[in-house]
Amino acid sequence: MDEVPSNRLINPKVLSGDPGPPRITPEDARYEDLALRVRNERFEHRPRYFRVPRTTEQVVTAVTEAVRAGDRITIRSGGHSMENSVGEASDGVIIDLSAMNGVYHDPGRRAFVVESGATLGEIYRVLYLTWGVTIPGGWGHSVCVGGHIQGGGYGVLSRSLGSVVDYLFAVEVVVVDADGTARAVIATRDPADPHHELWWAHTGGGGGNFGVVTRYWLRSAVTPGDDPAQLLPPPPATLLTGVRRWTWDGLTRDAFHQLMDNHGRWHQANSSPGCRYAALASRLVVTGRGDQEDGEAVVVAAMIDGGLPDARRMLADYLDEVGDGVGGEQHIGQATPWLYTMMPPVPDGDAHRGAEYDRYKGKAGYLRRGFTRQQIDTVYDYLTSPRAGVELARLWLLAYGGQINAVDPAATALAQRDSVLKAVYIAIWSDAADDAENLDWMRRFYRDVYAETGGVPVPGEVHDGTYINYPDTTWPTRPGTPPACPGTTCTTRTTTSGCDG
């Protein structure tokens with residue numbers, strides 16, 4: 001195993017012979033704090049005990065002891081999984097990696113190391129303020145990289161810079177051999193590396209499927225030398241943001257069709273690698289009628305590299321094209337510094353714990369072009385009709401493509417390399433008594449959107465499956481559709497990663 005670089009802060013307890021990660025059981029005062037680190041209140045993270053390692057060696061110890069005892073192991077970094085990816089092992093152990101949050105430069109590998117418990121916010125701050133570089137990760141700065149990278153993380157810079165996995169140079173994984181021996185392996189993108197396939201699996205294969213990831217090494221595919229400032233791309237100096245809004249009172253069915261058609265056509269025409277608009281990222285959010293007091297139905301929020309000479313004009317043109325023929329209220333602000341925009345001085349808005357809404361269900365799907373007419377009708381019907389216990393229902397359409405689509409689908413485990421949008425379906429509520437009704441509503445909504453392809457986003461002209469980092473354990477069930485998810489066999493592949501589970 002490689003030596004720890006001298007510029008990394010080292011925990012003195014580890015150097016002084018600390019025996020290893022503590023076993024935190026329900027009798028320990030720390031247990032409740034660990035148990036409450038959940039994203040979705042539908043589930044509980046209450047294993048027989050927790051382990052909170054600080055080094056790779058301590059992860060090896062924790063895994064070894066669990067394997068010998070026959071304990072089921074689940075892994076958590078940020079705990080952002082939207083399904084029961086971590087807490088289902090009530091009789092096992094959760095290895096919580098939040099204490100492994102280092103971000104530092106490894107001169108030997110000419111790469112940056114990020115440990116699995118590091119949050120995106122910590123990574124953005126350290127990389128940018130120290131070396132002026134970044135990775136094209138997600139917006140929620142409380143998300144950890146543990147599963148985010150393994151699923152093929154993406155964010156607002158991905159259309160111009162690609163997926164996070166396109167910068168994965170190496171990964172350290174604690175694996176268990178056939179004889180039950182746990183050990184740490186470092187796998188790299190070098191084709192001659194005997195562990196190369198293990199590296200490839202972590203470029204989109206999903207978290208928790210191959211071992212416990214302790215560290216990632218990140219650098220560009222081509223690096224000119226040893227200067228850390230050249231190992232990853234710089235972000236834009238500033239970002240310029242703009243929005244366009246509509247209320248349901250101003251959106252008839254025909255107007256909604258026009259809006260969705262405009263949006264889909266624009267992304268079909270402006271999502272190729274290197275295109276003029278690759279520096280623009282956007283999200284279209286459709287909120288169910290009556291789910292917000294201000295009556296806001298649809299918002300298109302976009303941002304673009306504020307350093308482009310015609311950034312304001314480009315942003316205005318985008319918003320105008322999306323709103324062509326359907327009006328809407330439009331506003332474009334002033335360019336703000338990149339890090340300030342990504343990490344404003346308030347908590348990111350994606351944390352539901354402690355908020356009004358606690359219980360969540362989401363589904364997703366890739367789009368190779370805009371929704372069909374039947375799909376737009378379905379979205380309109382479901383989001384303008386009463387929804388019983390659903391307190392907030394939404395559809396998100398997130399801009400995709402650009403530089404992501406410059407990579408061969410076989411080069412990484414992230415195979416979706418020709419999509420232009422990601423659709424995310426969301427239902428949020430607060431009362432556990434409404435669980436069954438709301439899950440059924442979301443199941444029917446998703447099934448009916450994809451009725452033309454059997455109830456799921458089957459790869460084809462319009463769709464390309466779904467994103468492994470948006471796990472889903474509720475499947476459509478009706479004649480002619482794929483069978484219901486068979487449980488553990490299925491969910492091992494799709495739900496052990498979560499977003500950063």
Exercise. Donor-acceptor pair, Glu172 side chain versus Ala184 backbone, under 3.5 Å?
Worked result: no
Exercise. Which residues pass the side-chain hydrogen bond (donor to acceptor under 3.5 Å, both in side chains) test with Tyr425, sequence neighbours left out?
Worked result: Tyr450
Exercise. So with a 6.0 Å cut-off around CZ of Arg312, is the heavy-atom count from everything else above 12?
Worked result: yes
For this session: Indicate the atoms forming the closest heavy-atom contact of Arg51 with Tyr49, along with that distance.
Result: CG-CE1, 4.0 Å
Exercise. Is the NZ or CZ atom of Arg189 positioned over Phe169's six-membered ring, under 6.0 angstrom from the centre and within 45° of the axis?
Worked result: no
Exercise. Would you find a donor on one side and an acceptor on the other, under 3.5 Å apart, between the side chain of Thr188 and the backbone of Asp190?
Worked result: yes
Exercise. How far does CG of Asp317 sit from CG of Asn270, to the nearest 0.5 angstrom?
Worked result: 10.5 Å
For this session: Keeping the roles fixed (side chain from Tyr446, backbone from Ala364), state whether a donor-acceptor pair exists under 3.5 Å.
Result: yes
Exercise. Roughly how far, to the nearest 0.5 Å, is the CG atom of Asp193 from the CH2 atom of Trp200?
Worked result: 15.5 Å
For this session: Would you sort out whether His463 and Tyr366 count as a ring-ring contact (aromatic ring centres under 6.0 Å, His included), showing the intermediate values?
Result: CA-CA 6 Å; His463 309 295; Tyr366 285 95; over 10 Å; no
Exercise. Is the side chain of Ser430 donor-acceptor paired with the backbone N or O of Asp358 at a distance under 3.5 Å, no angle test?
Worked result: no
Exercise. How far apart are the C-alpha atoms of Arg417 and Asp408, what are their side-chain angles, what is the distance that settles it, and do they pass the salt bridge (charged side-chain N to carboxylate O under 4.0 Å, His left out) test?
Worked result: CA-CA 7 Å; Arg417 297 288 187 169; Asp408 188 312; over 6 Å; no
Problem set entry | Any donor-acceptor N/O pair, Glu115 side chain to Gly102 backbone, under 3.5 Å | yes
Problem set entry | Sub-4.5 Å side-chain heavy-atom contact between Pro233 and Tyr167 | yes
Problem set entry | Residue pair Trp199 / Ile186, side-chain heavy-atom distance below 4.5 Å | no
For this session: Start with the C-alpha gap between Ile94 and Ile75, add the side-chain angles, then the distance that decides, and say whether side-chain contact (heavy atoms from CB on, under 4.5 Å) holds.
Result: CA-CA 6 Å; Ile94 292 177; Ile75 310 153; over 6 Å; no
For this session: Check whether any side-chain heavy atom of Thr287 lies under 4.5 Å from a side-chain heavy atom of Val298, and answer yes or no.
Result: no
Exercise. Can you find a heavy atom in the side chain of Pro136 that is under 4.5 Å from one in the side chain of Thr134?
Worked result: no
For this session: Check step by step if side-chain contact (heavy atoms from CB on, under 4.5 Å) holds for Thr119 and Asn101.
Result: CA-CA 7 Å; Thr119 67; Asn101 59 359; over 6 Å; no
Exercise. Is the distance between the ring centroids of Phe112 and Tyr216 less than 6.0 Å?
Worked result: no
Exercise. Has the side chain of Ser419 got a donor or acceptor atom that lies under 3.5 Å from a matching backbone atom of Leu421?
Worked result: no
Problem set entry | ring pair (Phe, Tyr, Trp, His ring centres under 6.0 Å) against Tyr318, all qualifying residues, sequence neighbours excluded | Trp266, His267
Exercise. Could you walk me through whether Asp464 and Lys422 pass the salt bridge (charged side-chain N to carboxylate O under 4.0 Å, His left out) check?
Worked result: CA-CA 10 Å; Asp464 193 16; Lys422 277 187 179 178; over 6 Å; no
Exercise. Who pairs with Asp96 by side-chain hydrogen bond (donor to acceptor under 3.5 Å, both in side chains), at least two apart in sequence or on another chain?
Worked result: Arg37, Arg76, Ser98
Exercise. So, do Gln150 and Val213 sit near enough that their side-chain heavy atoms are less than 4.5 Å apart?
Worked result: yes
Exercise. Tell me, do Met314 and Leu308 make a side-chain contact under 4.5 Å, heavy atoms counted?
Worked result: yes
Seminar exercise, completed: Heavy-atom nearest pair, Ala182 first then Thr64, reads CB-OG1, 3.3 Å
For this session: Test the Arg109-Trp217 pair against the cation-pi criterion, namely NZ or CZ under 6.0 angstrom from the six-membered ring centroid and within 45° of the ring axis.
Result: yes
Exercise. Where is the tightest heavy-atom contact between Ile426 and Trp396, given as atom of each residue plus distance?
Worked result: CD1-NE1, 3.3 Å
Exercise. Within the side chain of Ser163, is there an N or O that forms a donor-acceptor pair under 3.5 Å with the backbone of Asp166?
Worked result: no
Problem set entry | Interatomic spacing from CD1 in Ile149 to OG1 in Thr203 - rounded to 0.5 Å | 11.5 Å
Problem set entry | Donor-acceptor under 3.5 Å (Ser271 side chain, Gly402 main chain) | no
Seminar exercise, completed: What one should report as the nearest heavy-atom pair of Pro273 and Ala406 is CG-N, 3.6 Å
For this session: Given side-chain contact (heavy atoms from CB on, under 4.5 Å), test Arg215 with Ser116 step by step and report yes or no.
Result: CA-CA 6 Å; Arg215 294 188 287 178; Ser116 283; over 6 Å; no
Seminar exercise, completed: Scanning both residues in full, the closest heavy-atom pair of Ala111 with Leu231 reads N-CD1, 3.8 Å
Exercise. Take atom CZ in Arg283; do more than 12 heavy atoms of anything else shown fall under 6.0 Å from it?
Worked result: no
Exercise. Could you walk me through whether Thr238 and Trp338 pass the side-chain contact (heavy atoms from CB on, under 4.5 Å) check?
Worked result: CA-CA 5 Å; Thr238 62; Trp338 174 78; over 6 Å; no
Problem set entry | Least distance between heavy atoms, Gly204 atom then Val165 atom | N-CG1, 4.3 Å
Seminar exercise, completed: Rounded to the nearest 0.5 angstrom, the CG-OH distance for Leu315 and Tyr277 is 8.5 Å
Exercise. Do any N or O atoms from the side chain of Glu122 and from the backbone of Ala118 form a donor-acceptor pair under 3.5 angstrom?
Worked result: no
Exercise. Does the distance from a Lys or Arg side-chain N to an Asp or Glu carboxylate O, for Arg46 and Glu32, drop under 4.0 Å?
Worked result: yes
For this session: Enter the distance from Leu392:CG to Ile428:CD1 here, rounded to the nearest 0.5 Å.
Result: 5.0 Å
Problem set entry | Within-4.5 Å side-chain heavy-atom neighbours: Asp71 and Arg48 | yes
Seminar exercise, completed: Here the gap from Ser77 atom OG to Ile95 atom CD1, rounded to the nearest 0.5 Å, amounts to 12.5 Å
Problem set entry | Validation row: Met343, Tyr124 side chains within 4.5 angstrom (heavy atoms) | yes
Exercise. Is His105 reaching over with its side chain to a backbone N or O of Pro228, donor-acceptor style, under 3.5 angstrom?
Worked result: no
Exercise. Does Asp305 pair with Arg159 as a salt bridge, N-O distance under 4.0 Å?
Worked result: no
Problem set entry | NZ/NE/NH1/NH2 to OD/OE distance under 4.0 Å, Arg219 and Asp106 | no
Exercise. Would you call Arg359-Asp435 a salt bridge at under 4.0 Å N-O?
Worked result: yes
